[in-house]
Amino acid sequence: MTFAATILTLYPEMFPGPLGLSLAGRALGEGKWVCDPVQIRDFATDRHRSVDDTPAGGGAGMVMRADVLARAVDHAVDRQPGVPVLAMTPRGRPLTQARVRDLAAGPGAIILCGRFEGIDERLFEARPIEPVSIGDYILSGGEMAALVLLDACIRLLPGVMGAASSGDEESFESGLLEYPHYTRPAEWEGRTIPEVLRSGDHAKIEAWRTAMAETDTRLRRPDLWERHEGARVQSPSGARQQKKER
Ligand code: SAM
């Protein structure tokens, strides 16, 4: 199955952009995913092709019009019925690896990119659109956020990553950050690779990696750690249970 990404945007030339290179670019060339940017202005009805207007209630900036966006969304949904429609917005639910996995397992995504002050809220009331945030900071437009979301999905598509297992141990897959990595040279600026990684004892290496993943998560991401610990207390099979639910 080919993952079909339709991106509704004022800047179609931004796609595939960096996704035309490296892993995602190769997958695009191989037809593992398709990229279809759609110009939102094509759904405007006035001669200026307006897509925005002043905010109701006053204030700075402009707001993207619900009627124009709805026509663009309806057009995309007609072409790809049943595909999830997402809108990139800092007001959305934070994107997670679990959601990325769900999306990557599906037929694709229709992604609406905001600009200006954002999107008329009535669009979200009138259409089943999932608001998605990529983090607690403000970008100038949804295109970069859409590229992030797509990159996260594409690398999980079958046959895109080299080793079939290379995604399984990564940060967030088990609810923890991943353990730290090292490579040659064995000594650099007086720092050596942890001895255990050179021991050849796979059980010890595994135990060390688990301990490091737990320590780093606790120190760097207390929010993740709390959730991980909560899940472990609730279920005796702990992380394994979480993995199955993914
Ligand atoms: N006024 C909006 C607010 O405070 O929530 C921010 C609008 S931002 C300047 C313009 C567009 O960039 C948004 O409509 C959205 O599409 C995109 N955007 C900005 N930050 C984002 C984020 N963290 N995640 C997803 N999309 C984002």
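Remember, predicted model here, so these are calculated numbers, not experimental data. Order of listing sets the numbers, starting from 1, for every ligand and every atom in it.
Listed by number with element, the atoms of ligand 1 under 4.0 angstrom from any heavy atom of E117 are 1 (N), 2 (C), 7 (C). Within ligand 1, counting atoms from 1 as listed, the ones closer than 4.0 Å to a heavy atom of I138 are 8 (S), 9 (C), 20 (N). Residue contact check: S133 has heavy atoms under 4.0 Å from atoms 23 (N), 24 (N), 25 (C) of ligand 1. Short contacts between ligand 1 and F116, defined as distances under 4.0 Å to a heavy atom of the residue, involve ligand atoms 7 (C), 8 (S), 9 (C), 10 (C).
Nearest protein neighbour of atom 14 (O) of ligand 1, counting heavy atoms only, is G114 CA, 3.5 Å. Of all protein heavy atoms, the one lying nearest to atom 20 (N) of ligand 1 is L139 N, 3.0 Å. Looking from atom 5 (O) of ligand 1 to the surrounding protein, the closest heavy atom is P90 CG, 3.3 Å. For atom 16 (O) of ligand 1, the closest heavy atom belonging to the protein is M88 O, 2.6 Å. Atom 24 (N) of ligand 1 has as its closest protein heavy atom I134 N, 3.1 Å. Looking only at protein heavy atoms, the nearest one to atom 26 (N) of ligand 1 is T89 N, 3.3 Å.
Residue Y137 has at least one N or O atom closer than 3.5 Å to an N or O atom of ligand 1. Ligand 1 has no N or O atom lying under 3.5 Å from any N or O atom of A145, backbone or side chain. The shortest N or O to N or O distance between G118 and ligand 1 is not under 3.5 Å.
Note: I154 CD1 to S22 OG = 11.0 Å, rounded to the nearest 0.5 Å. Interatomic distance, SG of C153 versus CG of L95, reported as 7.5 Å (0.5 Å rounding).
Heavy atoms of I119 stay at 4.0 angstrom or farther from ligand 1.
Ion pairing between a basic and an acidic side chain is recognised when a charged N comes within 4.0 Å of a carboxylate O; R49 and D42 show such pairing. Ionic pairing of E173 and R101 is present here: one or more N-O contacts between side-chain nitrogen and carboxylate oxygen are shorter than 4.0 angstrom. Ionic pairing of R115 and D52 is not present here: no N-O contact between side-chain nitrogen and carboxylate oxygen is shorter than 4.0 angstrom.
Figure legend: cation-pi geometry between R209 and Y179, with NZ or CZ positioned under 6.0 Å from the six-membered ring centre and within 45° of its axis.
Only the backbone of S140 comes within 4.0 Å of ligand 1, counting heavy atoms alone; no side-chain atom from C-beta on gets that close. By the criterion of a heavy-atom distance under 4.0 Å, the backbone of V132, and not its side chain, is placed next to ligand 1.
The shortest heavy-atom contact between A76 and T6 is CB-CG2, 4.1 Å.
Checked by atom type and distance alone, the side chain of T2 never pairs as donor or acceptor with a backbone atom of W33 at under 3.5 Å.
Between Q39 and T9, the side chains place no donor N or O within less than 3.5 Å of an acceptor N or O (distance only, hydrogens not considered).
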side-chain contact (heavy atoms from CB on, under 4.5 Å) between T210 and E214: does it pass, once the steps are laid out? CA-CA 6 Å; T210 302; E214 291 182 352; 3.8 Å; yes

